[in-house]
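Taking it in order: structure first as structure tokens, then the write-up.
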Amino acid sequence: MAEAQKPVEKQRLISEADMTKYKTAGDIVNDVMRKLVSLSVEGAKLIDLCTEGDRLIEEGTGAVYNKNVKGVKVSKGIAFPTSVSVNNTVAHFSPLVSDPLASQALVKGDVVKLHLGAHIDGFAAISAETIVVGATEQDPVTGRRADVLQAAWYGAELAMRLVKVGNKNWAVTDAVSRAASAFDCKPVEGMLSCQQTQNVIDGKKRVILNPSEAQRRDMETITFGEDEVYGIDILVSSGEDGKARVEDSKTSIYQKEGSVTYQLKMKNSRMVFSEMQKKAGAFPINIRVMEDEKRARLGLQEAVAHGLVKPYEVVYTPSNTFVAAFHFTIALPPTGPLLITHPPVWYKPELVKTDKELDDEELKALLAKTLRDTKKKKKTKEAESADGPVETK
């Protein structure tokens, strides 16, 4: 009697070794975030927080994966430069020493977004969270600060449960919008979350928040697939429409555009681009770490003009508004969704007091679910052994 043929195992898009790299980067990001949260107190200067965050990422990644693989060093380091964006600053604020705002210090009540990322061998974990300076359980966040923080928190919790194999990107867009509306807030218009792969944090499969009519028309409908990884960025404004605009702050974070090729004409442009690639590879870089800031800014002009490099612009909502953000990195292995980054360090319900509530029964039912299905204990145990402990928030 012929032996029964064993089923052919499906080829995985992410190996266990790669997943371990993702998780190691996630652990480093969590350690750095804990330290940054503790340093984000009244009087702390934004530039000091940014430079310390980057130093800690380099220190953390420098301590792991130091054995050469087939004679080649494992690349590692910063996947996204530390940004500290306050109040109505949406994101990407990471000043240069020469920036007039470099010496800006935190004050009590500031709504502060901390955003950073690390990678091991190109597998990136990126995280962001929002804190309010000086808030305690005895003196919690209230008013519009509380509204926007709670709206962003719920938006992130819902997105975690909707970034699931078989679901569409528009489910996330819709749920985040509905959660924000419950607190009289709006997601920041046009903000994107992207698929990640090795050395790529801005993949083609994307989720958009609060799209304009044109953005909604142009945005491709995508389905989340098995073994994919996503960086999900939830940004919510207390403003009426969620619109943001560029102001006076100078852009300091740039990234090579992987899909564009162009032969730079100017010698300085070529030198700056070469230095940028050598120091950051495919990941964003803050020109603060370049040899000459002034030369770097001049050299990047040609590269940006021809789409070879993209700027991470600093944008703002109106001055009387606040923006809160949470960013998480999530993988979709066969055993179910798995958070690569850790839950936020600072946030807990006791710190935020708002008189508004989420009354949407459909969203409340979704929030009551765990990140992974646990119908069979055996499957859950197998999941833990394969991918680490099941994380829920």
Side-chain angles (χ1 to χ4, degrees), residues 13-14 22 80 90-91 115 117 124-128 151-182 185-198 200-237 241-244 255 257-259 310 312 315 323-334 336-341 358 360 362-367 369-373 393:
L13 295 178
I14 311 175
Y22 271 124
F80 200 91
V90 176
H115 183 189
I126 299 174
S127 182
W153 167 257
Y154 276 128
E157 288 286 313
L158 290 162
M160 274 178 210
R161 290 157 175 80
L162 288 168
V163 179
K164 198 171 184 178
V165 174
N167 282 0
K168 300 284 196 295
N169 51 349
W170 295 112
V172 178
T173 305
D174 177 60
V176 174
S177 182
R178 286 159 62 188
S181 293
C185 294
K186 282 279 190 181
V188 179
E189 184 181 88
M191 292 294 110
L192 295 172
S193 298
C194 303
Q195 184 184 4
Q196 296 183 194
T197 53
Q198 188 177 24
V200 176
I201 61 170
D202 53 355
K204 292 183 178 180
K205 295 181 79 170
R206 298 180 174 186
V207 178
I208 192 168
L209 297 182
N210 188 19
S212 66
E213 287 186 17
Q215 289 167 340
R216 182 175 287 275
R217 184 180 62 246
D218 296 340
M219 175 59 57
E220 183 182 349
T221 298
I222 62 105
T223 302
F224 301 115
E226 189 172 282
D227 270 341
E228 292 177 347
V229 175
Y230 288 86
I232 302 297
D233 204 7
I234 305 300
L235 298 113
V236 177
S237 167
D241 55 15
K243 292 185 183 295
Q255 181 185 7
E257 188 65 81
S259 61
K310 70 174 180 181
Y312 282 85
V315 294
V323 174
F326 292 95
H327 184 121
F328 60 90
T329 308
I330 190 168
L332 303 177
L338 178 72
L339 280 175
I340 289 167
T341 46
L358 183 66
D360 189 313
E362 184 182 358
L363 297 186
K364 287 166 71 175
L366 183 58
L367 288 167
K369 294 182 178 181
T370 57
L371 200 57
R372 285 182 169 187
D373 293 329
K393 290 177 60 184

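- A 4.5 Å side-chain heavy-atom check between Pro334 and Asp227 finds at least one atom pair inside the cut-off.
- Checked by atom type and distance alone, the side chain of Lys186 never pairs as donor or acceptor with a backbone atom of Ala180 at under 3.5 Å.
- Between Pro211 and Trp170 the shortest heavy-atom distance is CG-CZ3, 4.1 Å.
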- Item | Met160/Leu371 under side-chain contact (heavy atoms from CB on, under 4.5 Å): CA gap, chis, key distance, verdict | CA-CA 7 Å; Met160 274 178 210; Leu371 200 57; 3.8 Å; yes

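- Thr341 places no side-chain N or O within donor-acceptor distance of the main-chain N or O of Phe328, the cut-off being under 3.5 Å.
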- Ile126 vs His327, side-chain contact (heavy atoms from CB on, under 4.5 Å): CA-CA, chis, key distance, verdict: CA-CA 7 Å; Ile126 299 174; His327 184 121; 3.7 Å; yes

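- For residues 201-223, there are no ring-ring contact (aromatic ring centres under 6.0 Å, His included) pairs, not counting sequence neighbours.
- Side-chain contact between Lys310 and Asp202 is present, with heavy atoms from C-beta onward closer than 4.5 Å.
- A search for salt bridge (Lys or Arg N to Asp or Glu O under 4.0 Å) contacts involving Lys364 returns Glu361, not counting sequence neighbours.
- Considering every non-hydrogen atom in both Gly231 and Ser193, the closest pair reads O-CB, 3.2 Å.
- Leu358 approaches Ala179 most closely through the heavy-atom pair CD1-CA, 4.0 Å.
- Using a distance-only test at 3.5 Å, with no hydrogens or angles considered, a donor-acceptor pair links the side chain of Ser181 to the main chain of Ser177.
- Across every non-hydrogen atom of Ala124 and Gln196, the tightest pair is O-NE2, 3.0 Å.
- With salt bridges taken as basic N to acidic carboxylate O contacts below 4.0 Å, one links Glu157 and Arg161.
- Proximity of a side-chain donor or acceptor of Asn210 to a complementary backbone N or O of Lys243 within less than 3.5 Å is not detected.
- Counting only distance, with no hydrogens or angles, the side chain of Thr173 and the backbone of Ile208 share a donor-acceptor pair below 3.5 Å.
- Using bins of under 30°, 30° to 60° and over 60° for the plane-to-plane angle, the ring pair Phe224/Tyr230 lands in the perpendicular bin.
- Nearest heavy atoms, Gln215 versus Gly190: OE1-CA, 3.6 Å.
- Taken from CG in Leu338 to CD1 in Ile330, the straight-line distance is 7.5 Å, to the nearest 0.5 Å.
- No donor-acceptor pair under 3.5 Å is formed between the side chain of Arg206 and the backbone N or O of Cys194.
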- Go through the steps to decide whether Leu158 and Leu367 satisfy the test side-chain contact (heavy atoms from CB on, under 4.5 Å), and finish with yes or no. CA-CA 6 Å; Leu158 290 162; Leu367 288 167; 3.7 Å; yes

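- Among residue pairs with one or both ends in residues 172-181, those qualifying as salt bridge (charged side-chain N to carboxylate O under 4.0 Å, His left out) are Asp174-Arg178, Arg178-Asp360, Arg178-Glu362; sequence neighbours excluded.
- Distance check, rounded to the nearest 0.5 Å: CG of Asn169 to CG of Leu162 gives 11.5 Å.
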- Checking side-chain contact (heavy atoms from CB on, under 4.5 Å) for the pair Ile201/Gln255: CA distance, chi angles, key distance, verdict? CA-CA 10 Å; Ile201 61 170; Gln255 181 185 7; 3.9 Å; yes

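- Listed here is the closest heavy atom pair of Val236 and Ala151: CG1-CB, 4.0 Å.
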